[in-house]
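Here is the structure we will look at, set down as structure tokens.
Since we're looking at a predicted model, the values are computed, not measured. For the numbers below, each heavy atom of this structure counts, side chains included, while hydrogens, waters and symmetry mates do not. Chain naming here is simple, since letters A, B, ... match the order of the sequence lines and numbering starts at 1 in each.
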Amino acid sequence: MSKEIPAQYDSSQVEDKWYDYWMENNYFHSTPDDREPYTIVIPPPNVTGVLHMGHMLNNTIQDVLVRRARMQGYNACWVPGTDHASIATEAKVVRKLREEGIKKSDLSRDEFMEHAWEWTHKHGGIILEQLKKLGASCDWDRTSFTMDEKYSESVIDTFIDLYEKGKIYRGARMINWDPAAKTALSDEEVIHKEINSKLYHIRYKIVGEDDFVTIATTRPETILGDTAICINPKDERYSHLHGKKAIVPLVNREVPIILDDYVDMEFGTGCLKVTPAHDVNDYDLGERHGLEIINMMNEDGTISEAGELYIGKDRFAVRKEISKDLEEAGHLVKTEDYKNKVGYSERTDAVIEPRLSLQWWVSMKELSEPALENVMNDSIQFHPAKFKNTYRHWMENVRDWCISRQLWWGHRIPAWYNEDGDFVVAKTETEAETKFKIQNSKFSNLKQDVDVLDTWFSSWLWPISVFDGFYEEDEVDYYYPTNDLVTAPEIMFFWVARMIIAGYEYRGEKPFKNVYYTGIVRDKQGRKMSKSLGNSPEPLELIKKYGADGIRMGMLFATPAGNDLPFDENLCEQGRNFSNKIWNAFRFLTMNMEEGVEYKPTLKINKEDLSDRWMAAKIQETIKGVNTDFDAYKLNDALKKVYSLIWDDFCDWYIELAKPDTYGDKIAVEKMNTALGFFEQLMKMLHPFMPFISEEIWQHIQDRKPEEALLISEWPEVDATLINPYDINLFGDLQQVISALRNIRAEVNVSHKEELDVFIKTKDSDFANQLLENRRVLEKLQSLKSLKISTEVEKPKVYSSAMVEGNEIYVPLEGLVDFEKERERIQKEIERLEGFLKGIEGKLSNTGFVNNAPANVVEMEEKKKSDTQESLAKLREQLKDFAD
RNA sequence: GCGUUCUUAGCUCAGUUGGUUAGAGCGCAUCGUUGACAUCGAUGAGGUCACUGGUUCGAAUCCAGUAGAACGCACCA
């Protein structure tokens, strides 16, 4: 302890050291035992992703929760892992191959998968290494990956099970087609954006007449797939068209004019072109009216042969071209500017094409019932609760989930087709054969479905499969349901809702008890931090600069659950400064230790010492408050309480009072032991938030064995007997007296070193006695020449004054007081109190108030009134003194 | 378009079931450095609680409307 300790805290020297120490001692590892478990499963980041600020926030919160639970004596288990992220990873691999001059289409499936695995092994898990720098206390022995062998098996088995239960079916439907990734997407993967587009008014000739019908469309290129014109049967403007046919311009196809209520007479021209293959509503119309379906687009968004014209050209190029051609042919009546919403692919940002396609679906309605119910009845709690509304709305209107993707990277759909195109769902080809045999169908040359499953079809099993819960009971029975899930509201439907569904379906139980929704990390301009905008700081650089502790604190300080985090490096600076403050507080204690003395930190306090009693009370109060905040998931409030306890109470008051009277003296051994005891408590409370510096100091305070490490020490129990309101109030009054004296010094510009004569005229002798008993506190924090405390003190002739709880403080300041300024100050105070008094008197003279308000409220007002009157009288007297 | 949630100091946010003079951190201003820390200390300025109306003895808090913001949902071509 006697070794030299630097004045600047250097996080880089400390953080790796303790992380390694914790790892070496296996403290993050959990195995089932007779303790109560506390479990968190990490929201698995993309396997080839890199750490961004969102991860930093999210994982800091999880670590705080886990560390506190561990200290509380739970068997804490935080399961880390990664997600194969089917479409995102495949897109990255495709891009990388393209850069090397390799086209995906030139590769066989197996060859492509080899590249994908290579990429995964190279980049996989980088993000987990980065999390270690943040201090994440994950059980790394449990690291899972959604494409691990066992995990994959559970995905496939789940598919088969749901299929056999009739919850999965294969069907042709309109789906969201991503022409860039060339795959179907679920509704959740489509982001609707409002864009400025044009509404094209196009006229179609009526067959056999010289008449035209004009329709409005935002997608003129789709006329190539038109198979009808639709009007509302009630629309009298067009009654003459009933039963007629129209000619699609350019392709010159005759199509019927059909009647349907669906058409909104108010919109556009009241006439609608119908393209059943490329619009959801048109498809429905087509079904109702038995229309032909012309699929005029290829999977990559180019025009197909069925479109007859512009074959092979891209849909957007064709849009421009066709509008010109229509105009030249005299079919374009007009174009107008128009705002509409267009769907974009969440992953590739390509404009989605509605497309008729044969896909696999999960039937959601029944499955989601328990998931809705148990969130609404708070069996699963959302923090903040406002997200329940969003959740309910989605769940009540839940639609079937399209789970097949036309990709290679992922879990391949376990369906097998024979030569006739019949299929069975089976785990292996052999099993498939058997099934075909039983059905008396052909079973030679079986081919497995080429598609893979939606990523979320594997991650919805995460809380079960990470414990191998589909095949082994021991672990999952112990750890499941998990306690807290910490995630972003953006993936509430993708992931949270579906985990809840899978949880009830496969465990008959919720997957977690609480969901903590984090906000979005934004830059100063309020933009979401993202790679593409380049507005996100590099997390590891930040850690280097401010320490993981500093960043953790900075982020937590500014973000209540569900609120966005407007990130500013300034926050990290604040965190770093706090580290330094703590460090120096500790350093101060070590500088005041005697050589050769063995200090024993203790929670025993000197009962004669008000500052000890007060500090002990403050600590207990804070533990209590912090526990309450944790229970309500208000981590930022909890941290603020700890921050204030350490900085404001411990450093600014307790340590100041603990300083030896004579410079060069050391702090008495007993006092030091108490101070160290307090410090230990502070470090315990701080540990979940700032694990590194707290462990560092903890280990400095005493030589510890590995099993005495802070992270596995006991979270402090509240000792309510130490919370003595009398001491808290008395100390508070002393603080106020000192502040008042400092204020006087500031106003009259007297240095804090100059000794003052101070007169305190107390309201009663009781308070005078209390002050006298603790006059050391005043003397310690103010340079005093003399101190007179009594109910009867003679006011000095020239003075500056202050009032604390009705007690008058006078400081004679001959030659220093600016009469004019002092008079102004008193006058201002009188005016303020007069206004205040007027308000009180108004209330009290209001019979309504006196009759209706509770007695204690009225009483309080009465007391306020008399106190204020008393203060006013004293101030007026003072004003007179200065008038002379 | 429908729904939900917001709007409190320059910024980010607290404010419990309506009841002292609406709080905190940052920022700002002034003063202060030979002894833990200038990554610091002290002091201070700064708010008609978005707006309008209502309920009430009393409203930042409850109700209605208006304006603005965010999020969610939706097939209007």
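- Side-chain to base pairing of A:Gln8 with B:U39: one donor and one acceptor N or O lie within less than 3.5 Å of each other.
- Of the candidates B:C71, B:A74, B:A42, B:A42 carries the atom nearest the A:Asp652 side chain, counting heavy atoms from C-beta on.
- Comparing B:A36, B:A42, B:C73 by their nearest atom to the side chain of A:Cys651 picks out B:A36.
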Close N/O contacts between protein and nucleotides 17-20 of chain B (under 3.5 Å):
residue: B:U20; atom: O3'; partner: A:Lys864; partner atom: NZ; Å: 2.8

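- Remark: A:Lys618 is not positioned above the aromatic ring of A:Phe650, lacking an NZ or CZ atom under 6.0 angstrom from the ring centre and at most 45 degrees off the axis.
- The NZ atom of A:Lys388 sits 19 Å away from the P atom of B:C73 (whole-angstrom rounding).
- Between the side chain of A:Arg745 and the base of B:U43 there is no donor-acceptor pair of N/O atoms closer than 3.5 Å.
- Heavy atoms only, all atoms of each residue included: A:Leu686 and A:Phe578 are closest at CD1-CE2, 3.9 Å.
- The side chain of A:Asn340 contributes no N or O atom lying less than 4.0 Å from OP1 or OP2 of B:C76.
- Within the nucleic acid shown, A:Asp264 comes within 4.0 Å of at least one base atom, counting heavy atoms only.
- Heavy atoms of other residues, nucleotides or ligands lying less than 6.0 angstrom from CD of A:Glu859 number 12 at most.
- A:Thr847 comes within 4.0 angstrom of nothing in the nucleic acid, heavy atoms only.
- The phosphate of B:G15 has OP1 or OP2 within less than 4.0 Å of a side-chain N or O from A:Lys634.
- Within 3.5 Å, a donor on the side chain of A:Glu656 pairs with an acceptor on the base of B:A36, or the reverse.
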(message) Working note: A:Glu189 + A:Ser186, criterion side chain to side chain donor-acceptor pair (under 3.5 Å); need CA distance, chi angles, decisive distance, verdict.
(response) CA-CA 5 Å; A:Glu189 288 167 293; A:Ser186 68; 3.0 Å; yes
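- When distances are taken from the side chain of A:Lys581 to each of B:A36, B:G27, B:C13, the shortest belongs to B:A36.
- Distances shown here put every side-chain N or O of A:Lys386 at or beyond 4.0 Å from the OP1 or OP2 atom of B:C6.
- Phosphate contact (OP1/OP2 of B:C37, side-chain N/O of A:Trp647, threshold under 4.0 Å): absent.
- A:Asn636 comes within 4.0 angstrom of nothing in the nucleic acid, heavy atoms only.
- Within the nucleic acid shown, A:Arg576 comes within 4.0 Å of at least one base atom, counting heavy atoms only.
- A close approach under 4.0 Å does occur between a side-chain nitrogen or oxygen of A:Asn577 and OP1 or OP2 of B:C40.
- Under the side chain to side chain donor-acceptor pair (under 3.5 Å) test applied with A:Tyr546, the options A:Glu569, A:Glu573, A:Arg576 reduce to a single match, A:Glu569.
- Residue A:Tyr338 is in sugar-phosphate contact alone, with no base atom involved, counting any heavy-atom pair closer than 4.0 Å across all strands shown.
- In this model, the phosphate group of B:A24 is not approached by any side-chain N or O of A:Ser644 to a distance below 4.0 Å at OP1 or OP2.
- When rounded to the nearest whole Å, the span between NE2 of A:His192 and P of B:A77 equals 12 Å.
- With A:Ser871 contributing its side chain and A:Asp867 its backbone, the two residues share a donor-acceptor pair below 3.5 Å.
- If you check the side chains of A:Asn176 and A:Asp187, you find a donor sitting under 3.5 Å from an acceptor.
- Here the P atom of nucleotide B:C71 and the CD1 atom of A:Ile191 are 12 Å apart, to the nearest Å.
- Evaluation of the side chain to side chain donor-acceptor pair (under 3.5 Å) rule for A:Asp568 yields no partner, not counting sequence neighbours.
- The base of B:C75 sits within donor-acceptor range of the side chain of A:Tyr262, with an N or O pair under 3.5 Å.
- At the phosphate of B:C71, neither OP1 nor OP2 sits under 4.0 Å from any side-chain N or O atom of A:Tyr517.
- Residue-level contact check: A:Glu747 touches neither bases nor backbone, having no heavy atom under 4.0 Å from any strand.
- Between A:Lys828 atom NZ and B:G44 atom P the separation is 11 Å, expressed in whole Å.
- Crowding of A:Lys666 atom NZ: a count of heavy atoms from other residues, nucleotides or ligands under 6.0 Å exceeding 12.
- For A:Glu841 and B:U21, the CD to P distance is 13 Å, given to the nearest whole Å.
- Comparing B:A14, B:A36, B:U4 by their nearest atom to the side chain of A:Asn389 picks out B:U4.
- Residue A:Val850 is out of contact with every strand shown, counting any heavy-atom pair closer than 4.0 Å.
- Rounded to a whole Å, the CD atom of A:Glu569 is 23 Å from the P atom of B:G25.
- A gap of 25 Å separates the C1' atoms of B:G15 and B:G53, to the nearest Å.
- Both A:Phe578 and A:Phe267 lie close to RNA chain B; mapped to their nearest nucleotides by heavy-atom distance, the more 5′-ward contact belongs to A:Phe578.
- Counting any heavy atom pair closer than 4.0 Å across all strands shown, A:Lys341 reaches a base atom.
- Closest to the A:Ala558 side chain, of the nucleotides B:C73, B:U12, B:U21, is B:U12.
- Applying the side chain to side chain donor-acceptor pair (under 3.5 Å) test between A:Lys641 and each of A:Asp629, A:Thr628, A:Thr622 identifies A:Asp629 as the sole match.
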(message) Dot-bracket for RNA chain B, please. Rules: Watson-Crick or G-U, both distances under 3.5 Å, ( ) within the strand, [ ] when a pair crosses earlier ones, | for another strand, . otherwise.
(response) (((((((..((((.....[...)))).(((((.......))))).....(((((..]....))))))))))))....
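- Within 4.0 Å (heavy atoms only), A:Asn592 reaches no atom of the nucleic acid at all.
- Side-chain atoms of A:Thr559 never come within 3.5 Å of backbone atoms of A:Met555 as a donor-acceptor pair (strictly under, hydrogens ignored).
- A straight line from OH of A:Tyr643 to C1' of B:G23 spans 16 Å, rounded to a whole angstrom.
- Each of A:Arg392 and A:Thr269 was assigned the nucleotide of RNA chain B with the nearest heavy atom; the assignment lying further toward the 5' end belongs to A:Arg392.
- Defined by atom type and a distance below 3.5 Å, a donor-acceptor pair is missing between the side-chain atoms of A:Asp284 and A:Tyr262.
- The interatomic distance linking A:Phe557 (CZ) with B:A14 (P) rounds to 14 Å, in whole Å.
- Remark: A:Lys864 NZ is packed, more than 12 non-hydrogen atoms of other residues, nucleotides or ligands lying under 6.0 Å away.
- Among the heavy atoms of the strands, none lies under 4.0 Å from A:Tyr9.
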